[in-house]
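Okay, so here's the structure we're looking at.
Numbered from 1 within each chain, the chains take letters A, B, ... in sequence-line order.
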Protein chains: 2
Amino acid sequence: MQVKICNATVTCLDQLGYAETTFAEVQAKAGISRGAITHHFPTKQALVAATAMRLLGNAQNPLWPHDRAPQPVYDLIMSAWANIVNSAGGRAIVEILVACRTDPALFGMLEQSLRDWDKSNLSLISARYVSATGNRDDTELLWSIARNFLRGLLLHEKFVSSPEYLMQMMDRFARMMESQLQVLPKNDVEEVE
Amino acid sequence: MQVKICNATVTCLDQLGYAETTFAEVQAKAGISRGAITHHFPTKQALVAATAMRLLGNAQNPLWPHDRAPQPVYDLIMSAWANIVNSAGGRAIVEILVACRTDPALFGMLEQSLRDWDKSNLSLISARYVSATGNRDDTELLWSIARNFLRGLLLHEKFVSSPEYLMQMMDRFARMMESQLQVLPKNDVEEVE
DNA sequence: GTTTACAGACCAACTGTTCTGTTTTTATGA
DNA sequence: TCATAAAAACAGAACAGTTGGTCTGTAAAC
């Protein structure tokens, strides 16, 4: 049930935005009663926060499975855009991030979790890629930059002159990152908790 | 009067977000009557769209005056962050961009203007900087990337582990851009309409 | 005198939350 | 195993507060 509610919330956030994501709308989209939602999530912030946590859990990189070699930098960036950031879940996350900026209650619920996710996500990726400088902090900086660029691109998407131009931006950015990062050779991988 | 109303709207967008930017709130912040707002801007979308246009007009680069030499790439990126993107107006613009994604009425009012602004802004900057490849399209791509990164950074700002880390990201990104772009020598500048 | 600029009341629609019921599951004890 | 009590899961009505938009009234400008 909670899964069903959160999924409907993601759809609402994506299609309607944070403000228009109302209990009534989620209820209709999920095909359940009002009481079911308020029982599990007493406030709107609790509903959205729970949805965010679920999204982050799912997005904890389905992109590089443990048992296969890491993707090339270029491919990873491209598929991160297509499969994560520019997906219903990715767009929902951006709605939530924006809402956090001006909704103190929501921010309080998510601040620590988002910080932790950020750290663990960077740890995970830094274990498989390395900056041309060999510096681990630099690797994390570069991937942080990539994530922020992709999120920013989401805001620009509807105003881009053509879909091809957006792809050119992606390509140019990915090539630039490619020149700064490389896949770690397998024997150099040190497992991170 | 319209200026006063729009300024109050910017403050509201920045501090409260798009959803909480209500007529009542703008009215209170501007210290005027309800009728004054609805007279000039019959709908909320009209109010926000007018505010956006005004913001874009103001942001049409106060950063590189016509009578002085262009700033170095690094400096331009740094001051664009501090003075444009991460300002009340910049944050308001991001709120509006996000709202446009799910508010068709607002999107319709701003789509063309934002596209035009984008184009003219890139034209202006491409007249003063050039990609290492010498390709003008590449120059525009790079500056588009920069703008989207800065906007994305705005969403991340409240979740960054420390202000210093954010500055490290800025520094790293600016250095990366610096390696791809250079200021055009003065005699090469071709004026663009 | 006609249009524009402002003032402020008014209203229907909607929102988040609370609440009272009803059903289902779970825990308990003999 | 099974009765039964307690708790959790759901359903849906009710409500106070707010919102965007409209409407009438007044003053000023052209």
Given C/dC6, is OP1 or OP2 found less than 4.0 Å from the side-chain N or O atoms of B/His40?
yes
Which part of the nucleic acid, if any, lies within reach of B/Thr38 when heavy atoms closer than 4.0 Å are counted: base, sugar-phosphate only, or nothing?
base
With the side chain defined as heavy atoms from C-beta on, A/Arg34 is closest, among C/dA7, D/dG12, D/dC10, to D/dG12
Could you tell me if the side chain of A/Arg147 sits less than 4.5 Å from the side chain of A/Trp143, heavy atoms only?
no
Can you measure B/Ile5 atom CD1 to C/dA5 atom C1' for me and round it to whole angstrom units?
10 Å
Could you give me the CA-CA distance, side-chain angles and deciding distance for B/Phe107 and A/Phe159, then say whether ring-ring contact (aromatic ring centres under 6.0 Å, His included) is met?
CA-CA 9 Å; B/Phe107 179 68; A/Phe159 301 101; 5.4 Å; yes
Does D/dA9 have its OP1 or OP2 closer than 4.0 Å to a side-chain nitrogen or oxygen of A/His39?
yes
Rounding to a whole Å, what distance do you find between B/Leu106:CG and D/dG20:P?
13 Å
Per atom distances to the B/Phe23 side chain, the nearest of C/dA7, D/dG21, D/dA11 is D/dG21
Are any of the side-chain nitrogens in A/Arg115 or A/Glu111 under 4.0 Å away from the carboxylate oxygens of its partner?
yes
A/Gln45 side-chain proximity, nearest of C/dT17, D/dC10, C/dC6:
C/dT17
Length of the CE-C1' vector between B/Met1 and D/dA29, whole Å:
15 Å
Hey, are A/Glu157 and B/Arg101 close enough for a salt bridge, meaning a charged N less than 4.0 Å from a carboxylate O?
no
Rounded to whole Å, CD of A/Gln2 lies from P of D/dC10 at a distance of 8 Å
Separation of A/Glu25 atom CD from C/dA13 atom P, in whole Å?
17 Å
Nucleotide D/dG12, atom P - distance to CD of A/Gln27 in whole Å
8 Å
NZ of B/Lys44 versus P of D/dT19: gap in Å, rounded?
9 Å
Residues B/Arg91, B/Glu95: salt bridge by 4.0 Å N-O rule:
no
Rounded to whole Å, please give me the gap between CZ in A/Phe41 and C1' in C/dT18.
18 Å
